[in-house]
Amino acid sequence: MTQITHLRQIVQVRKKRACGYATVDLIQPDGSLRKREKPLVVHFPEHAQGAATAGSLWEVSGRERENAFTTANGLIISEYTIDATEIRFLKPSGKVLARWISSNIKGIGEVIAKRLVRLPKLAELIEKRERSSLLAVAGMSEARLDRLLEEWPDQSLYDTITWLEEQQLPLGLGEKLSALFGAEAIEKIKEHPFLLMAMGASFEKTMEIAKELGLTMADASVVAGVAQHVAVRHTHKTGSTVIDPQSLITGCAQVMQTPAPDNVGEIAVDHGLLVKVDSGYQVYGSALMEAVVALFLAKAHGRSAGTGSLVAGWEAGLTENSVIDALEAYEQTLPFQLTGDQRKAVVGSVLSPVCGISGGAGTGKTTILKAILGVYQALAGGMAFYQVALSGRAAQRMSESTGLPAQTIAKFIVDHIGEKKPRLPDHLLLVIDEASMVDLLSMYKLIGLLPEATRVIFVGDTAQLLPVGAGLVFHALQDTFIPFFHLTQVKRQGEESGIHRFATAIRNGEIEIPPQTEITLAKSADCSIEGVMTPERLEQLWKEAGGIGNSIVLCPVRKGEMGVDGINQHLQQSNGLERPSIYYQDDQRGWIPWVTSTGTELLLGDPILITANNYDEAADIRNGDLGVITVVYDSPENDSGAVAVAEINGTSIAITQDLLDKMQLGYAITIHKAQGSQWPTCFVVLPPEAGHMMDQTLLYTAATRPEERLVLMGSGQVIRKAVEKECLIEKRCVCLQERMQGRQRRENK
């Protein structure tokens, strides 16, 4: 085709796509559409992608190219794409305004829109809410006018977006700034440029804006902005929600390349960018979330029995004796005996509106949930029960243990937030498993959905991994007014188990090196260490353990021959590379093999790891789920577009091209991904280069994943260093416990 270059071409977004692409219509100067024989797509620059919403108007410059791809039945489909080099957000006016109105205001078609734009000073009439003049237009109704007034873009929005364009800032900030500050948005940012950081702008770009406004490092507003940046960076690096004064001063000095004021934290507080707490300073987001979580839990714990919901009336007659009686009746149906600790935890969990259950791996935390829920069912009538966990595998295990549905926290939130989503009942019990890994943001989102009459049980192990995100919840709630019940007796393996002895030693900060692995696993102890750390030796032992489905390889690092990626490639190759590979339809190259981000194809029979949540009804899978590819198609299925099928969590899932982006090989996974799961045999690879990453919590988490056999591969020196290393929990500084204790002091006054 002849090369076409567009200069200041007006387009209107019809449909937003992924990765900055959008299907558009060409708009002519008279407001009419310019017909094209093929669909037209614009690839928006990164800074404009957030504002490229359906119905928006843009002036675009850039070269046009043709994309062609072949469908499964051999048809060639093509479309045109403009790679925008220059782009400008437009406020609709003149004849183009009629196009905007008919496209964006439901119920107003092209004819009524053209009548509206003929009105003198239409924008002024709308902004002044001159209803009589607007209703005089033929075809206008009260409902149509209400929608027009509601959707009409404020001039301040366009002024703000124009300023953002000039500064090359993300245009998506425009709606946020306009909503917060209205017509004063630009002046507010000029007075306090570091407000941009709170909206998502980078520190570097914000500093550029500050310098253009004539500000220097000597200005208090800049010093405050630097302090906010250092506090945010500290949170991302350490997981803490609080930065101590000395770390703040040191960090600011590094950024400013000059000594920072000793009162730099107070300067940031005065400018409204940080919050002062007893142990240091917090950014407003962390402070707000911790305060809201503390308030909710305090109110839930202190709620008077039977209040908040008519369904909660059963609480008024709740006594310790009634709980014990219900438990004794329920125990008659159990195939096992509860320990004294477990009975105490069951009774206390039912009597306490909010509580925690903690204990080491194998102590039966998840198992006794069945007993707790059984007692609730006997006493609480029709109260709703919800079970959630951070990972899909942990939720699945909890569901298998209790016989009741369970889901991830992310899915629970998605299912109940937003318009047309079902509301939660006004009285419920929420059980949160693997609570030690729940970060502050997840907890904040979760409680935003919960009703006043909520009862909560946190279940976790403080010796396992900390949350990946910032904050601590489960750990911080201990030693507050929230009652905690600690389980100690191991049920998963006996006291004589080598796995139990090794894991207990790690949990207690003691160094215990297991016996050497023998030539075969059959001759080895249930917990052993293999000094020959090669892919070939791992392959031999892995196959002896039953391979896929019976064992997993865990590693703290991804790179290297004995990292996750290298092990995945080796074990895939050991199973044969002649197996059918998953193909997909590429726009440019046709039907070609899919290659993951780590450079491997996905073959029939390969285990896979899901790396991101997917909420489609046809493929309801979670980050961390594991499965096996069971079918590979020669071409995409006509109805679903599936290219393969995988067995995940006992369900056959059709794998579409979109899902391929969320899949990696799963012969080996990181220790973090293993949290909340168990396998018969676990191989834990400890390469020397992982020494700096290993600590007590990471090693303990890995050691508590096997049900029957644990094989450590590497040097005992890595184990020794991990145990001796300062526990990360000691380094993570948060304020939730302090806020909880503050709530208690206020309640006691």
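Everything numeric in this text was worked out from a predicted model, so none of it was measured.
Not a single donor-acceptor pair under 3.5 Å links the side chain of Thr697 to the backbone N or O of Ala463. At distances below 3.5 Å, at least one donor-acceptor pair connects side-chain atoms of Ser240 with backbone N or O atoms of Cys733. Between the Arg732 side chain and the Gly471 main chain, a donor and an acceptor come within less than 3.5 Å of each other. Not a single donor-acceptor pair under 3.5 Å links the side chain of Arg507 to the backbone N or O of Tyr700. A donor-acceptor distance shorter than 3.5 angstrom exists from the side chain of Ser399 to the backbone of Leu404, with no hydrogens or angles considered. Remark: side-chain polar atoms of Ser574 are paired, donor with acceptor, to backbone N or O of Leu571 under 3.5 angstrom. Checking side-chain atoms of Asp625 against main-chain N and O of Ile610 turns up no donor-acceptor pair under 3.5 Å. At distances below 3.5 Å, at least one donor-acceptor pair connects side-chain atoms of Gln696 with backbone N or O atoms of Ile506. For Glu544 (side chain) and Leu521 (main-chain N/O), a donor-acceptor pair under 3.5 Å exists by modelled atom type.
Every residue was checked against the salt bridge (Lys or Arg N to Asp or Glu O under 4.0 Å) condition with Lys721, not counting sequence neighbours, and none meets it. For Phe203, the side chain to side chain contact (heavy atoms under 4.5 Å, CB included) partners at least two apart in sequence or on another chain are Phe194, Met197, Met207, Val226, His229, Val255. When the side chain to side chain contact (heavy atoms under 4.5 Å, CB included) test is applied to Ala505, the partners found at least two apart in sequence or on another chain are Glu510, Glu512. Checked against ring-ring contact (aromatic ring centres under 6.0 Å, His included), Trp594 has the following partners two or more places apart in sequence or in another chain: Tyr584. By the side chain to side chain contact (heavy atoms under 4.5 Å, CB included) test, Val595 is found to be paired with Glu601, residues two or more places apart in sequence or in another chain being considered. Legend: residues meeting salt bridge (Lys or Arg N to Asp or Glu O under 4.0 Å) with Lys559, ordered by chain and number and at least two apart, are Asp565. Partners of Glu647 by salt bridge (Lys or Arg N to Asp or Glu O under 4.0 Å), not counting sequence neighbours: none found. Under the side chain to side chain contact (heavy atoms under 4.5 Å, CB included) criterion, Thr670 pairs with Arg558, Val564, His672, Lys673, sequence neighbours left out. With sequence neighbours left out, Ser677 forms a side-chain hydrogen bond (donor to acceptor under 3.5 Å, both in side chains) with Arg393. With sequence neighbours excluded, no residue forms a salt bridge (Lys or Arg N to Asp or Glu O under 4.0 Å) with Arg709. Phe484 is linked by a ring-ring contact (aromatic ring centres under 6.0 Å, His included) to Phe474, counting only residues two or more places apart in sequence or in another chain.
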Set out, in order, the CA-CA distance, both residues' side-chain angles and the distance that settles side-chain contact (heavy atoms from CB on, under 4.5 Å) for Val293 and Leu736, then state yes or no. CA-CA 8 Å; Val293 169; Leu736 180 58; 4.1 Å; yes
Practice task
Any chance you could lay out the side-chain contact (heavy atoms from CB on, under 4.5 Å) test for Thr402 and Val431, step after step, and finish with the verdict?
Solution key: CA-CA 11 Å; Thr402 63; Val431 180; over 6 Å; no
Q.
For a side-chain contact (heavy atoms from CB on, under 4.5 Å) check, start with the C-alpha distance between Met398 and Lys370, then their side-chain angles and the critical distance, and finish with the verdict.
A. CA-CA 9 Å; Met398 183 162 52; Lys370 188 176 180 69; over 6 Å; no
task: Would you check, one step at a time, whether the test side-chain hydrogen bond (donor to acceptor under 3.5 Å, both in side chains) holds for Asp634 with Tyr583?
output: CA-CA 8 Å; Asp634 293 331; Tyr583 277 58; over 6 Å; no
In sequence, state the C-alpha distance, the side-chain angles, and the governing distance for Thr250 and Gln246, and then conclude on side-chain hydrogen bond (donor to acceptor under 3.5 Å, both in side chains). CA-CA 6 Å; Thr250 302; Gln246 188 54 54; 3.2 Å; yes
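Side chains of Thr681 and Asn550: no donor on one and acceptor on the other come within 3.5 Å. No side-chain donor-acceptor contact under 3.5 Å links Ser286 and Glu290. His486 and Ser358 are linked by a side-chain donor-acceptor pair at a separation below 3.5 angstrom, with hydrogens and angles left out of the test. Residues Asp433 and Gln387 have side chains that never bring a donor and an acceptor to within less than 3.5 angstrom of each other. Remark: the Gln516 side chain and the Ser528 side chain contain no N/O donor-acceptor pair separated by less than 3.5 Å. Checking Gln464 against Gln675 by side-chain atom types alone, a donor-acceptor pair falls below 3.5 Å. Looking only at atom types and distance, the side chain of Gln407 has a donor-acceptor partner in the side chain of Asp415 under 3.5 Å away. Inspection of the Asp341 and Thr339 side chains reveals no N or O donor paired with an N or O acceptor under 3.5 Å. Thr600 and Thr596 are linked by a side-chain donor-acceptor pair at a separation below 3.5 angstrom, with hydrogens and angles left out of the test.
When each of Leu430, Ile457, Ile482 is paired with Val354, the side-chain contact (heavy atoms from CB on, under 4.5 Å) condition holds for Ile482 and for no other.
Here the straight-line distance linking atom CE of Met562 with atom CE of Met713 works out to 5.0 Å at 0.5 Å rounding. Taken from NZ in Lys344 to CD1 in Ile357, the straight-line distance is 12.5 Å, to the nearest 0.5 Å.
Within the 4.5 Å cutoff, side-chain heavy atoms of Leu369 are placed close to those of Val459. Between Ile552 and Phe683 there is no side-chain heavy-atom pair separated by less than 4.5 Å. Counting only heavy atoms from C-beta outward, the side chains of Leu477 and Phe458 approach each other to under 4.5 Å. Contact check for Val645 versus Tyr633: side-chain heavy atoms found under the 4.5 Å cut-off. Looking at heavy atoms from C-beta onward, Ile529 lies out of side-chain contact with Pro515 at the 4.5 angstrom threshold. Taking 4.5 Å as the limit, some side-chain heavy atom of Ile608 sits within range of a side-chain heavy atom of Ile648. No side-chain heavy atom of Val632 sits less than 4.5 Å from a side-chain heavy atom of Ser581. Considering only heavy atoms from C-beta on, Leu712 stays 4.5 Å or farther from Glu530 through its side chain.
Closest heavy-atom contact between Val734 and Ala476: CG2-CB, 4.4 Å. When all heavy atoms are compared, the tightest approach of Ile243 to Ala231 is CG2-CB, 4.0 Å. Scanning both residues, Val438 and Pro467, for their nearest heavy atoms gives O-CG, 3.5 Å.
For Gln573, the CD atom sits in a loose shell: 12 or fewer heavy atoms of surrounding residues, nucleotides or ligands are nearer than 6.0 Å. More than 12 heavy atoms of other residues, nucleotides or ligands shown are found within 6.0 angstrom of NZ on Lys662. More than 12 heavy-atom neighbours from other residues, nucleotides or ligands sit within 6.0 angstrom of CG on Leu577. In this structure, Asp661 places its CG atom where more than 12 heavy-atom neighbours from other residues, nucleotides or ligands lie under 6.0 Å away.
For residues 541-571, every residue pair satisfying the ring pair (Phe, Tyr, Trp, His ring centres under 6.0 Å) rule, not counting sequence neighbours, is listed here: Trp542-Tyr667.
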